[in-house]
Amino acid sequence: NTRALLEKQREIDSSAVAYPEDIPIAFDEGKGATVRDADGNTFIDMFAGIGVLNVGHANPYVLEAVHEQADKFVHSVDFPTEARLELIEKLDEIAPDGLAGENRVVFGGPTGSDAIEASIKLAKYNTGGTGLVAFRGGYHGPTSGAMSLTSNKSFKEHYTPLLPDVVHAPYPHPFRQDKSPADAVDHALEEVQAILEDPYGGLANPAGIVVEPIQGEGGIVTPPEGFLQGLRDIADDNDVPLVFDEIQSGLGRTGEWWAADWAGVTPDIMTSAKALGGIGFPLSATIYHEDLDTWGPGDHAGTYRGHVVGMRAGTRAIEYIQEHDLLAHARDLGEYIRRRLREAPTDRLGDVRGTGLFIGAEFVDEDGEPGGDFVDAVQQYCFEHGVLVWTAGRHGNVLRFLPPLVLTHDLAETALDVVLEAIEHADG
Ligand code: PMP
């Protein structure tokens, strides 16, 4: 069945679909932290649709509200609905200190990129500026503004010119930069300061600083202490908004609601998507301080201002995380997974890092250079042995774990047995 579906997909679907060619899997059903393929094989899901399914596939508590809402109506543009107001209030309840009780939410179109575009527009609208500071290794999505902020040239080389006024600063990555955490932070902050304050720095008229508080696609790079607070200070000194892209790191993934909470730093603008739609409904939001609420009606418009079923699902998912104390569970299970990874019997493991269930294991080759082929081999072995894992990093050399927060300790243990076996196997 799987092969027939794959063949048909190849025949009729776009050549742009990103599907690992060597690994035949077609999904048929998902439950919690497992998925079943079209031939009845069960997999442990350690990537959750790229960090979307935080409360698991087909979470019954969420599904109940989904069915109820879908029976009533699905699309309301900007007309008020209970579903919309309920989610705005829920987001306020869990917003980082400094935004909680003082924020506004604008729902965007279905994807994270929509929230990024809204953030860029909001920052420009409020400052009258044009320029943006972004970061090397950063990923913000496939639309033109989001691609401009993304640093990897391979995503954008065919589409230039994009936004003209974006300068990428270094993101502190002590392992790859071979620097102490403090030096990596100092270096990055000096560069940001130079971009904004030095006459030769590159941005004549800045509108904001856009950063992932933990880089996802870049390789689960957790910046050392002091970096985000340093950005906060620089943004304040230069009177520009600080924008946190929490599309991958947010909504409990790190064992706090937001990566911002770990740092104790409040952004002026924050993006959310992925897990916001509860169990995979497409929904994004830009959450911003009420002082920036200067748009007039229709200044940021769109047909899809939040999917009503997705909003219901989002609120329910947040409630589910609260009621089952899944933030604490994510912190504990994340510790366990990182500890197991560090025990991998190989000298190809360069670094294990992450927060909560936002975890990366970076591999190197014999010379200490990024080991992308090694990670491909590990991923393939895992897929063949019933564990779905993803990769990340500029060289594809980071094994990425973004399991549903409902993953049990038992399933994690089984998955890690397979992952460690895969690493041993790849090591020959
Ligand atoms: N920002 C971050 C941090 C992301 O991880 C992603 C998606 N991986 C995006 C933005 C773009 O989101 P989407 O693919 O939903 O447009």
Side-chain angles (χ1 to χ4, degrees), residues 14 16-19 47-54 107-123 132 134-152 154-156 159 162-163 166 168 171 173 208-223 228 242-254 258-260 262-263 267 269-287 302 304 306-307 310 313-314 354-360 389-394 396 398 400-402:
S14 162
V17 293
Y19 180 86
F47 89 113
I50 322 187
V52 167
L53 298 148
N54 284 7
F107 291 107
T111 77
S113 316
D114 293 309
I116 294 291
E117 300 297 334
S119 303
I120 295 172
K121 286 170 68 178
L122 190 65
L132 296 159
F135 291 86
R136 290 184 208 144
Y139 180 83
H140 302 280
T143 52
S144 290
M147 266 194 290
S148 311
L149 298 175
T150 296
S151 76
N152 190 335
S154 64
F155 288 121
K156 53 189 183 178
Y159 313 109
L162 295 168
L163 293 184
V166 177
H168 289 92
Y171 193 90
H173 188 344
I209 301 172
V210 185
V211 67
E212 287 165 90
I214 298 175
Q215 283 189 342
E217 302 301 322
I220 320 297
V221 185
T222 312
L228 297 172
L242 177 62
V243 183
F244 280 0
D245 179 350
E246 294 253 19
I247 287 167
Q248 194 161 159
S249 58
L251 288 167
R253 168 75 25 218
T254 63
W258 310 100
W262 284 103
I269 302 173
M270 195 171 89
T271 57
S272 179
K274 290 191 189 280
L276 186 65
I279 48 172
F281 286 95
L283 182 64
S284 75
T286 304
I287 302 158
Y304 291 101
H307 188 291
T355 314
L357 289 171
F358 197 22
I359 298 172
V389 284
W390 218 236
T391 63
R394 178 176 160 198
V398 177
R400 173 166 38 156
F401 300 90
L402 305 167

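Any value given below was found using the heavy atoms of this structure, including those in side chains, with hydrogens, waters and symmetry copies removed. Counting starts at 1 for both ligands and their atoms, in listed order. As the structure is a computational prediction, the values presented were derived from the model and not from experiment.
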Regarding [X] and [Y], do their side chains bring together a donor and an acceptor under 3.5 Å, going by distance alone?
{"X": "Glu217", "Y": "Gln248", "result": "yes"}
{"X": "Asn152", "Y": "Ser154", "result": "yes"}
{"X": "Asp245", "Y": "Thr271", "result": "yes"}
{"X": "Glu246", "Y": "Ser272", "result": "no"}

message: Does the plane of the ring in Tyr171 sit parallel, tilted or perpendicular to the ring in Phe135? Use 30° and 60° as the thresholds.
response: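 The arrangement is perpendicular - the two ring planes meet at more than 60°.
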
- request: Below 4.0 Å from any atom of ligand 1, which residues have a heavy atom? Give them in chain and number order, please.
  value: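 Residues within 4.0 Å of ligand 1: Thr111, Gly112, Ser113, Tyr139, His140, Gly141, Pro142, Glu212, Glu217, Asp245, Ile247, Gln248, Lys274.
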
message: Are Pro213 and Trp262 packed together at the side-chain level, in the sense that at least one heavy-atom pair is separated by less than 4.5 angstrom?
response: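 No, side chains not in contact.
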
